[in-house]
Amino acid sequence: MFKKLSRRIMLITISGLSFCIAVMGVFAYQWAKKTVLFETVQVSSNYFRSSNDLLEQYLNYIGETAKMIANNPGITETAWRPNVPPSKVSLLLDRLTFGMNMDVKGISLYRPDGTVFTLSGMSNVPSMEKLKEEEPIRRFMNDSGEQWKWLSRYKNLSPYYYDRYSTNGTFSYLLKWTVSEGGTPGTMIVDLDADKLFGFFRTDNDLFRHNCLFLIRDGENIVHSSLSGSADDAAPQDLTQLNNGLEGRFISADGDQLYLYHTVMNSNVKIVVSIPPRDSVSNLSALKWSIVLLGPLSGLFAVILALMLKRSVTRPLAQLYGRMRAFR
C-alpha cells in the first residue's frame with residue numbers, strides 16, 4: 001500500500017512540476033516574442049517616418065527653389081524675349097542653380113512656342129513635341145488647374161535621358177511659369193535621378209540589415225534599390241494592399257515581411273521598405289535554448305523533490321504502520 005502511495009506521490013510531483021515549468025517557459029517565450037515584434041514594428045515605423053520626412057523636406061526645398069528661379073526677374077525678362085540667345089539664359093540658370101545649392105541633374109525651361117533653355121552642358125534635350133509624347137506631361141500641360149506636379153518618368157523617354165540618368169528614369173518636378181498673369185504658360189522641368197530617393201533611407205542599424213527598399217510606380221512598375229538586399233517582388237495579394245491608400249503598414253500574407261509604404265509628394269510613386277521580422281526574433285534564440293535546457297533541470301528538481309516527499313511522508317507512515325502491527 002505504501003509503495004503504491006510512494007509511486008503516486010513521485011508521479012504527481014514530477015508530472016505536475018514539469019508541466020507547470022513547461023507552460024511557464026512557453027508563455028515566457030511567446031510573451032517575449034510578441035514584445036520584440038511589437039518593438040520592431042515601432043522602431044521600423046519611426047525609421048521609415050523620419051526618412052520620409054527628410055525626403056519630403058528635400059523635395060519641398062527643390063520645389064520652392066524652382067519657383068524662385070522661374071519667378072526671378074532676370075529669367076522672366078530674358079527668357080521671354082524673342083530671339084534671345086539660349087546661352088544667355090543658360091548662364092542665368094547656372095548662376096541661380098548653383099548659388100541656391102540645388103543638387104539636381106537638370107533644369108529645362110520650355111516656352112509655349114517650343115523654345116528650350118537648359119543648364120550649360122545639357123545637350124540633345126527633347127523638343128516640346130517629343131516631350132508631349134509622354135502622356136503624364138501632356139496631361140499636366142493641358143490641365144489649367146494644376147500648377148505644379150511631382151512625377152516619375154520612365155516610359156517612352158528620349159535617348160537623352162538614358163545617356164544622362166540611370167536606367168530607372170527620373171523623378172521630376174513640373175512647374176508652369178509665365179511672364180504675366182493670364183498669359184500662355186511655359187513649362188519648367190527639374191529632373192532628379194530616380195535612384196536619389198533611396199539615399200534618404202540609408203541606415204547602419206543592424207536591425208535593418210536584410211530590409212528591401214523599392215519603388216512602385218503607377219501601381220505596377222517595381223524598382224529595387226541597390227542600397228538594400230535583393231528580394232523577390234511582392235506577392236500579388238501584398239502588391240494589391242500596397243496600392244490601397246497613400247500610406248500604411250502591414251504584415252505580408254505569409255507573415256515573412258513587414259511592409260511600410262508612403263506615396264512621395266502625391267506623385268505616381270510609392271516608396272516601400274520590407275523588413276523581415278525574423279531578424280528581430282532570431283535574437284531570442286538564447287532565451288529559447290535556456291527554456292529548453294530548463295526542461296531537464298526541472299525534471300531533475302522534480303525527482304529530488306519527489307524523493308524528499310517520499311522520505312518525509314511515506315517512510316514515517318510505513319514505520320508507524322509497522323510499529324502498530326508489532327504492538328498488536
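Counting from 1, the numbers follow the sequence of the chain as shown. FYI, side chains are in, hydrogens and waters are out, and symmetry mates aren't considered; it's all heavy atoms of this structure. None of the values given here were measured: they were computed from a predicted structure.
- Between L55 atom CG and L197 atom CG the span is 5.5 Å, to the nearest 0.5 Å.
- Considering only heavy atoms from C-beta on, Y154 stays 4.5 Å or farther from V269 through its side chain.
- Side chain of S90 to main chain of T118: a donor-acceptor pair is present (N/O by atom type, distance under 3.5 Å, no hydrogens or angles).
- Note: F250 and Y261 have perpendicular aromatic rings, judged against thresholds of 30 and 60 degrees for the angle between ring planes.
- Atom CD of E247 is separated from atom OG1 of T263 by 7.5 Å, given to the nearest 0.5 angstrom.
- Panel note: side chain N168, backbone A194; no donor-acceptor pair is recorded below 3.5 Å.
- In this structure, CZ in F201 is found 10.0 Å from OG in S225, a value given to the nearest 0.5 Å.
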Practice task
Give the C-alpha distance, both sets of side-chain angles, the deciding distance and a yes or no for side-chain contact (heavy atoms from CB on, under 4.5 Å) between V116 and S127.
Solution key: CA-CA 7 Å; V116 186; S127 64; 5.7 Å; no
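- Rounding to the nearest 0.5 angstrom, the gap separating the CG atom in L174 from the CG atom in L131 is 7.5 Å.
- Checked options K196, R153, K105; the residue passing with D191 is R153 (criterion: salt bridge (charged side-chain N to carboxylate O under 4.0 Å, His left out)).
- Within the 4.5 Å cutoff, the side chain of Y173 has no heavy atoms near those of the S267 side chain.
- Here the side chain of R202 pairs no donor or acceptor atom with the backbone of F198 at under 3.5 angstrom.
- Pairing each heavy atom of T76 with each of P73, the nearest pair is OG1-O, 3.1 Å.
- For the side-chain hydrogen bond (donor to acceptor under 3.5 Å, both in side chains) condition, the pairs that include at least one residue of residues 140-152, sequence neighbours left out, are S152-R217.
- There is a side-chain donor-acceptor pair under 3.5 Å between R49 and N46.
- A search for ring-ring contact (aromatic ring centres under 6.0 Å, His included) contacts involving F140 returns nothing, not counting sequence neighbours.
- For the pair N243 (side chain) and G219 (backbone), a donor-acceptor distance under 3.5 Å is present.
- Contact of the F200 side chain with the I271 side chain is not registered, since no non-hydrogen atoms from C-beta on lie closer than 4.5 Å.
- Distance CG/L59 to CG/L54: 11.0 Å, rounded to 0.5 Å.
- The heavy-atom pair separating P185 from K176 by the smallest distance is CB-CB, 4.1 Å.
- Counting heavy-atom neighbours within 6.0 Å of M100 CE, excluding the residue itself, gives a total above 12.
- Within the structure, the salt bridge (Lys or Arg N to Asp or Glu O under 4.0 Å) test picks out no pair touching residues 249-271 (sequence neighbours left out).
- Note on residues 56-69: pairs passing salt bridge (Lys or Arg N to Asp or Glu O under 4.0 Å), not counting sequence neighbours, are E64-K67.
- Residues L91 and I69 do not share a hydrophobic cluster, clusters being chains of Ile/Leu/Val/Met/Phe/Trp/Tyr side chains in contact below 4.5 Å.
- Within the 4.5 Å cutoff, no side-chain heavy atoms of V84 are placed close to those of T115.
- With hydrogens and angles ignored, the 3.5 Å screen pairs no side-chain donor or acceptor of T97 with any backbone N or O of D94.
- Connection of M265 to L151 is established within a shared hydrophobic cluster, with ILVMFWY side chains joined at heavy-atom distances below 4.5 Å, either directly or through further cluster members.
- Atom CD in Q257 sits 9.5 Å away from atom CG in N211 (nearest 0.5 Å).
- With sequence neighbours excluded, no residue forms a side-chain hydrogen bond (donor to acceptor under 3.5 Å, both in side chains) with D238.
- Taking all atoms of both residues into account, the shortest heavy-atom contact from A66 to L175 is O-CD2, 4.0 Å.
- Contacts classified as salt bridge (Lys or Arg N to Asp or Glu O under 4.0 Å) and involving residues 110-129 (residues at least two apart or in different chains) are given here: R111-D113.
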Exercise for the section: May I have the step-by-step check of side-chain contact (heavy atoms from CB on, under 4.5 Å) for F48 and I275, ending in yes or no? Expected result: CA-CA 11 Å; F48 189 68; I275 302 170; over 6 Å; no
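- Residues W80 and G186 come closest through the heavy atom pair CH2-N, 3.9 Å.
- I75 is not listed as a side-chain neighbour of F117, based on a closest heavy-atom distance of 4.5 Å or more.
- For the pair N268/P136, no side-chain contact is recorded, criterion being any heavy-atom separation below 4.5 Å from C-beta on.
- Residues L93 and L109 are in side-chain contact: their nearest non-hydrogen atoms beyond the backbone lie under 4.5 Å apart.
- Ring pair Y259/F214 is perpendicular by interplanar angle, where above 60° counts as perpendicular and below 30° as parallel.
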